[in-house]
Amino acid sequence: MDGTNAAVKMRNITKTFGSVVANDKVWLDIYKGEILALLGENGSGKTTLMNMLSGIYFPDEGQIFINDEEVKITSPKIAFDHGIGMIHQHFKLVDVLTAAENIVLGLNDGSKFDLKKASEKIRSICEMYGFEVDPAQKIYDMSVSQKQTVEIVKVLYRGADILILDEPTAVLTPQETDRLFAVLRNMRDDGKAVVIITHKLHEVEDISDRVAILRKGQFVGDMKTKETNAAEMTNMMVGHAVSLNIERPDPVDPKPRIEVKNLTVRDVDGIVKLNDVSFTANSGEILGIAGISGCGQKELLESIAGLQKVESGSIAYINDKGEPEELVGKDPLSIQAMGVALSFVPEDRLGMGLVGNMNLSDNMMLRSYRRGKTAFTDRRAPHKLAENVVNELSVSTPSVETPVRRLSGGNVQKVLVGREIASAPTVLLTAYAVRGLDINSSYTIYDLINKEKKQGVAVIYVGEDLDVLLELSDKILVLCGGRVSGYIEGRGADKRKVGMMMTKLGGAAEDEE
Amino acid sequence: MKNKEPLVHLVKRSDISSGKAWIIRGIAILASLVFCGLLTLAIAKVNPIKLYSAMFEGNFGSKRRIWVLLSNISALLGLSIAVTPAFKMRCWNLGAEGQCLAGALATTACMILLGGKVANPLLWAIMLVSAVLAGAIWGFIPAFFKARYGTNETLFTLMMNYVATQLVAYFIVIWETTKGSANIGVINQRTEAGWLPVIGGQRYLLNVLIIAALTIFMFIYLKYTKHGYEIDVVGESEKTARYIGINVRNVIMRTMLLSGAICGVCGWLLVGSTNHTLTTSLTSGYGFTAVMVSWLSRFDPLIMIFSSFLLIFMNKGASEVASSLSLNESYGDILTGIVLFFLIGCEFFINYRVIFRKKNAEVSEKKEA
């Protein structure tokens with residue numbers, strides 16, 4: 001790691017967005033003839049770092065050296081001039097143009113525009129690295145993998161010798177991934193520097209020569225891929241295994257509260273999101289829902305809350321007298337009136353659960369503004385509630401008149417939780433309740449959820465951190481591709497077993513790592 | 001070093017106090033007036049002081065001029081108030097022209113068909129009800145299609161303007177006083193049937209009072225009522241609105257009904273009180289200027305009083321400048337354009353901070369162009 005023959009050296013790179021530090025004094029070297037995997041969790045600053053190399057962002061601090069010469073990359077064009085090309089997650093192609101037209105688009109090298117000559121050059125690039133591109137094919141006729149190939153050729157056509165790929169395999173099938181990796185190896189052997197951003201460990205092991213790891217915007221370390229293993233990389237990626245010690249009080253008088261039977265849901269594109277799902281959620285218990293993201297968790301919660309159209313099946317709410325009431329077909333308003341509260345909406349706390357531009361007390365009003373017989377809103381009660389939430393959950397905010405979008409993620413979450421539990425629900429639906437929160441805020445949320453549980457609320461907890469899920473839940477429902485893959489007791493549940501259920505229906509044989 | 005760090009850096013402001021924002025806007029207006037003065041001096045060789053005193057004269061020169069000013073402000077303000085609830089909901093109602101004309105057409109029909117047949121106070125009420133209904137229907141049609149089928153309200157309301165204009169043109173031919181004149185003249189000139197009452201000897205006072213009441217109503221409606229709150233939530237995020245159980249379709253339709261109804265009231269005033277006649281250009285394009293007034297005022301009805309004053313002032317002043325200083329009539333439009341350019345342009349400085357390249361990344365702030 002002497003950095004003498006590095007194609008790119010990034011030194012002390014810092015980038016902040018408002019109060020968020022996306023990159024904090026990052027050092028990174030990229031070598032010619034090597035594939036570097038940039039590894040990190042979501043939000044660890046991988047893409048931001050590479051965007052600064054490709055001229056999309058400009059660093060607040062720090063230096064970038066290309067071939068040992070300091071450069072200021074102020075635009076994508078200048079990045080190209082330095083031979084840096086980035087293939088983004090979302091392709092930037094014009095659908096109605098052909099591959100060749102897209103590749104030469106925006107290129108102004110002084111020579112005459114000659115599509116034939118360009119096509120020739122494209123073919124020779126393809127031959128050299130083993131791509132398959134028809135220069136005359138329109139983009140709208142192409143598969144995702146073909147479009148990606150066009151993006152890569154576009155970058156090579158411009159003479160890039162430092163290539164950055166942002167999660168290139170996210171959209172590819174395994175076979176396409178293999179083909180892409182073969183091409184990348186050819187490029188490496190040709191002396192190009194290749195950076196691949198990913199958070200999949202097996203890909204790192206498969207393709208990269210060296211791996212650099214970012215955590216929370218900071219550079220944690222890099223090493224030769226051959227000399228490390230998945231466990232070490234994981235530890236570096238997520239930090240030292242935090243010893244979790246989440247309280248799990250015994251359930252209080254559990255009785256069935258929500259009974260879901262044979263629930264099937266399709267999304268707007270007609271794709272089946274939930275397939276014949278049945279389970280029971282008890283009062284005074286936490287039902288954890290495990291599953292790889294996008295396996296129907298969101299649809300499940302939204303179906304219960306009345307926000308999702310249900311194709312078939314039933315969802316019964318069982319009230320205190322033990323009488324079932326059907327929730328399917330009811331609108332959110334009447335479901336809320338029965339005491340079902342959906343809170344902590346995934347990714348979208350500000351887009352769905354709260355209104356970012358409104359202040360705390362106006363957001364509290366979302367649930368209560370209908371109260372009162374006059375045409376006027378009562379602002380005092382929500383204002384008081386906002387002040388209570390701020391005090392009780394120690395929300396750090398300048399005042400309750402501050403728009404919630406200005407608060408940090410943890411505080412936004414507390415505001416949302418505070419409002420939802422204020423209505424004393426009997427069912428609490430939570431999705432990714434602690435996503436993006438720091439440890440302290442996360443524990444505050446766990447405590448709140450446990451407190452609700454102790455009061456006899458049926459909690460349905462969708463989470464992505466398996467360790468937390470196992471420690472918190474009384475029962476665990478595992479979803480896999482929209483089907484129930486397992487329904488087990490939370491106490492004594494085995495992480496490996498749950499992990500297998502997440503990847504394969506019923507958790508049969510296949511072992512991970 | 002081959003490439004330099006960029007000279008200026010734009011950083012989105014996350015927060016700016018509203019006081020500070022208004023100071024920036026104030027500076028923008030002042031700067032634009034200075035710029036207009038200098039420009040006038042440079043190309044028209046007219047003393048800027050003379051220019052501005054002529055403008056002032058054009059607006060406040062006589063009692064009559066002041067009343068005309070007030071009447072124009074009322075008309076513009078009325079339509080601005082009308083489009084605002086829809087705008088707050090992010091529903092771009094560009095159909096104030098058409099909704100106002102629909103109201104005006106209904107008013108005219110009542111005056112012509114019922115004039116002399118019913119007592120005046122009853123006629124006024126009938127005129128008002130039919131104007132409100134006509135305007136509301138004109139606003140409801142695009143809203144219905146938007147709520148049901150997701151059509152684009154911008155285009156739809158815009159097109160409805162042309163339908164209204166053509167309808168008015170058609171009825172003008174039916175009611176024209178002399179064949180082929182395409183002019184209905186002053187309605188009920190002899191009997192003054194249906195003419196709205198003159199209060200305190202001032203013909204335009206009624207307009208001013210009604211629009212003032214509507215402005216206060218709208219301010220309260222948007223800020224303190226449940227409906228106003230729903231409009232806010234739907235405008236900010238339809239997803240949130242659905243999540244808390246607001247019926248988004250109904251809110252869209254209800255708000256557009258209100259928007260159209262107030263446009264109808266404006267049509268009622270324009271025909272019944274201001275003009276006593278109907279033409280296709282009755283609204284003087286205020287239906288479109290209202291869009292700008294509403295935006296410039298951040299959808300706040302009270303600020304709209306000031307914004308509509310500014311625009312009408314520039315407009316009236318410009319025609320005075322044109323006649324008394326013998327400048328081209330279009331020169332006034334240029335001046336208005338410059339003021340608006342500065343006023344809208346300064347929003348950039350409210351939303352972004354401009355940071356100049358400094359040796360040690362020192363941060364400086366620029367406020368005004």
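To find a chain, count down the sequence lines: A is the first, B the second, and so on, and within it residues start at 1.
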> Mind ranking A:Asp331, A:Thr402, A:Leu366 by heavy-atom pairs under 4.5 Å with chain B and telling me who comes out on top?
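Ranked by heavy-atom pairs under 4.5 Å with chain B, first place is A:Leu366.
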> Which atoms of A:Met358 come close to chain B, meaning under 4.5 Å heavy atom to heavy atom: side chain ones, backbone ones, both, or neither?
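A:Met358 touches chain B through side-chain heavy atoms alone.
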> Tell me, side chain or backbone of A:Thr374 under 4.5 Å from chain B's heavy atoms, or both, or neither?
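Only the backbone of A:Thr374 comes within 4.5 Å of chain B.
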> Between A:Asp68 and A:Lys9, does any side-chain N to carboxylate O distance fall below 4.0 Å?
yes
> How are the rings of B:Phe87 and B:Phe299 set to each other: parallel, tilted or perpendicular (split at 30° and 60°)?
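Plane angle over 60°, so perpendicular.
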> Whether the B:Ser294 and B:Thr84 side chains hold a donor-acceptor pair (N or O, under 3.5 Å, no angle test) is what I'd like checked.
yes
> Please flag which part of B:Asn247 lies under 4.5 Å from any non-hydrogen atom of chain A: side chain, backbone, both or neither.
neither
> Where does A:Arg370 contact chain B at under 4.5 Å (heavy atoms): side chain, backbone, both or neither?
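Both parts, heavy atoms under 4.5 Å.
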> Checking A:Arg371 against A:Asp378 for the side chain to side chain contact (heavy atoms under 4.5 Å, CB included) test, could you report, in this order, the C-alpha distance in whole Å, the side-chain angles of both residues, the deciding distance, and whether it holds?
CA-CA 8 Å; A:Arg371 277 181 211 152; A:Asp378 169 20; over 6 Å; no
> Is B:Arg254 positioned over the aromatic face of B:Phe144, cation under 6.0 angstrom from the ring centre and no more than 45 degrees off axis?
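That pair does not qualify as a cation-pi contact.
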